[in-house]
Amino acid sequence: MRKPTRRTEGRGERVVPGIWRLRLPLPWPGVPHCNAWALAAADGIVLVDCGLHAPGSLSHLERALEQVGLAIELVRLLVCTHAHIDHCGQAAAVQERAGCELWIHPRHAHLTALSDDPEAALARRIEVARQSGVPEEPLQAWAEGRRGEGNGMSGPLAPDRDLEPGVQVQTDHGAWQVLATPGHAPSHVVLHQPEHRLLLSGDHLLGRISLYFDHGWTPDPVGEFLAALESVDGLDVRLTLSGHGRPFTDLPGHVEGNRALVRERLGAVRAALAAHGEATAFELLPGVYGERLMPATAAWLLTKTLCYLEHLEAQGQVRRLDGEPVRWSPS
Ligand SMILES: [Zn+2]
Ligand SMILES: [Zn+2]
């Protein structure tokens, strides 16, 4: 008998005076929620991130805001930490309802390529998976599952301003500074409020440490991520408000935890490759992740493994052997 699925709804809570966490449900395995953040700003709010778009999803945001006495109409500015659909999917709907601007980092092609031409983007992902050694049968099954899936966006991404270092986001807590933190996504930024020692970290640092990197848009996303960890490591922060999970106080501990997990994964990729002698990225997955591959998460794990291999290649530790599919070997 099928278990009844627990109905999850948007929820709002005040974290500190003038800052509210809006917890919005996600339809993803292992990632049940994302956080949007409402920041008091004069007679309205700045909304940081806004959740994924799906049928009925705007009501989760409405409900979360309502629980803390707010409303979409109060949004004076929407800022997105990065162009992943769980952070900017409802941007068009919020812009329309609130009449507000959207600010996001300009390197958002990793999302807009997908939403502008979903068929081409899917074809490209299938080709990358094929080149990585994914067998044809599970690949076609995965691709079928993706076809006809909504793209998670309530409309085309239409930013009004580039959210880059030097830009400030004004709120009742003062100005938040933008730091570029690519790696998780090329468009990723974090927002730092120095006087109140607050950090809005998006998915760069999460409450529960987990890693993800967009593949194929920059030469070495893992290298970029490690460099971006350096840039937040020295910040004086008492509370970090992340894109998923609860706020946390120990920023240096989380930075170190992320570094350690990257080191561990790179070590696992090297060890799996040494055991195989040479292998495709797909053949390395069980050795690196030690779990039975689920179709829903295999694509994420493959993406990450490709990023680790490219980082090790940039470090001269592994070699790419030309051919189809691409095979890798220790240097
Ligand atoms: Zn993300
Ligand atoms: Zn996210």
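Numbering of ligands and ligand atoms starts at 1, following listing order.
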Within less than 2.8 Å of the Zn ion (ligand 2), any N, O or S from His87? yes
Determine which of the N, O or S atoms in Asp203 is closest to the Zn ion (ligand 2) and give its atom name. OD2
Is it the case that the side chain of Arg238 and the backbone of His196 share a donor-acceptor pair, with hydrogens and angles ignored and the cut-off at 3.5 Å? yes
For the Zn ion (ligand 1), which N, O or S atom of His84 is at the shortest distance? ND1
Less than 4.5 Å apart, side chain to side chain, heavy atoms only: is that true for Arg259 and Val255? yes
Name the orientation class of the two ring planes belonging to His188 and His204 (parallel below 30°, tilted from 30 to 60°, perpendicular beyond 60°). tilted
N, O or S from His244 under 2.8 Å to the Zn ion (ligand 2): yes
Is the shortest heavy-atom distance from the side chain of Leu241 to the side chain of Val48 under 4.5 Å? no
Determine which of the N, O or S atoms in Asp86 is closest to the Zn ion (ligand 2) and give its atom name. OD2
Where does the angle between the aromatic ring planes of His87 and His82 fall among parallel (under 30°), tilted (30 to 60°) and perpendicular (over 60°)? tilted
Using a distance threshold of 2.8 Å, state whether an N, O or S atom of His184 lies below it from the Zn ion (ligand 1). yes
